[in-house]
Protein chains: 2
Amino acid sequence: MKSNLYERKAQIFKALSNPVRLEIIDFLADGEKCVCEIVENLNYEQPHISKSLIKLKEAGLIKDRKEGLNVYYSLKICCMGDFFNCLNKILESEPKL
Amino acid sequence: MKSNLYERKAQIFKALSNPVRLEIIDFLADGEKCVCEIVENLNYEQPHISKSLIKLKEAGLIKDRKEGLNVYYSLKICCMGDFFNCLNKILESEPKL
DNA sequence: TTATAATATTCCATTTTTGGAATATTGTCA
DNA sequence: TGACAATATTCCAAAAATGGAATATTATAA
């Protein structure tokens, strides 16, 4: 396996290594959302959300679709759900958080 | 879902967000290895490997077992393999790396 | 054209990560 | 005990991430 493949994977995990971005991913698991919906539902400033979305998109984890003034984001990687479910199970049974 | 659960998950992804640590995880997928084997097989300085292992251990991704002078590390999270396989498939079919 | 709503970008100070180099710790054996 | 092998720790400067605040861009509608 090539070194740049590790770099690429590291980029994906780096995009996921932030609580705000994880919360966004979780929210998008419900289906496509526009930025305004994300801003309304999660409690962060709009520029913060916007920057987070861009980082997730650069990593290839989400994709966007423009429609008029709105930009809709949705998940792009299918296997994320399984991994997150597994992590959740492990974390729920963790002795101390 | 609680905020500290996102923090905890972010910690896990942060531990995975580095090419050297991903290479170590890959090497450990083969089974338990001592630090010396890891140092011999991957081309990094021993202190670098040691620090990487500790970060992975703190995140709860690997565990260690001491035996004499040696310390053996092994993977602790089962579902990682599936997710990595899925990521590999996606990355292999990516237009440009 | 102008105002406005939705989203993105820039700037910036603070914190965190990174990886190299030197050194410390620990266990074993003679 | 003393030497040595395996591993961990500390120190440090450079690089990157973080998140707040202000501002810019873009599309639409009046």
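A, B, ... follow the sequence lines: proteins, then strands. Residue 1 opens every chain. Below, each value reflects all heavy atoms present in this structure, side chains not excepted, and no hydrogens, waters or symmetry copies.
Under the 4.5 Å side-chain criterion, counting only non-hydrogen atoms from C-beta, E58(B) is in contact with I54(B). In this structure the side chain of V71(B) reaches within 4.5 angstrom of the side chain of K66(B), judged on heavy atoms. Side-chain contact between V35(B) and N70(B): absent, with no pair of heavy atoms (C-beta onward) separated by less than 4.5 Å.
Heavy atoms only, all atoms of each residue included: K55(B) and A15(B) are closest at O-CB, 4.1 Å.
The shortest distance between the side-chain N/O atoms of N18(A) and the OP1/OP2 oxygens of dG19(D) is below 4.0 Å.
Within the structure, the disulfide (SG to SG under 2.5 Å) test picks out no pair touching residues 43-72 of chain A (sequence neighbours left out).
First and last contacting nucleotides of DNA chain C toward chain B (any atom under 4.0 angstrom from a heavy atom, 5' to 3' order): dT17(C) to dT28(C).
The six-membered or imidazole ring of Y6(A) lies away from that of F84(B), with a centre-to-centre distance of 6.0 Å or more.
At whole-Å resolution of the value, CD1 in I24(A) and C1' in dG19(D) are 13 Å apart. Spacing between atom CG of L69(A) and atom C1' of dA30(D) amounts to 14 Å, rounded to whole angstrom units. The separation between L42(A) atom CG and dG19(D) atom P is 14 Å, rounded to whole Å.
Comparing the local axis fitted to the first five base pairs of the helix from dT1(C)-dA30(D) to dA30(C)-dT1(D) with the one fitted to its last five gives a bend of 10°, rounded to 10°.
Remark: C86(A) SG to C78(B) SG, distance not under 2.5 Å.
When heavy atoms are screened at a 4.0 angstrom cut-off, K55(B) is found touching the sugar-phosphate backbone but no base atom. Nucleic acid contact class of K66(B) (heavy atoms, under 4.0 Å, all strands): none. If you check every strand for non-hydrogen atoms under 4.0 Å, I54(B) touches sugar and phosphate atoms only.
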Could you walk me through whether L91(B) and I12(A) pass the side-chain contact (heavy atoms from CB on, under 4.5 Å) check? CA-CA 10 Å; L91(B) 295 182; I12(A) 290 178; 3.9 Å; yes
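Nearer the 5' end of DNA chain D, as judged by each residue's closest nucleotide, is the contact made by R21(A), out of R21(A) and E67(A). Checking E45(B) against Y73(A), the closest nucleotide of DNA chain C that is more toward the 5' end is the one next to Y73(A).
Within a 6.0 Å radius of CD in E32(A), other residues, nucleotides and ligands contribute more than 12 heavy atoms.
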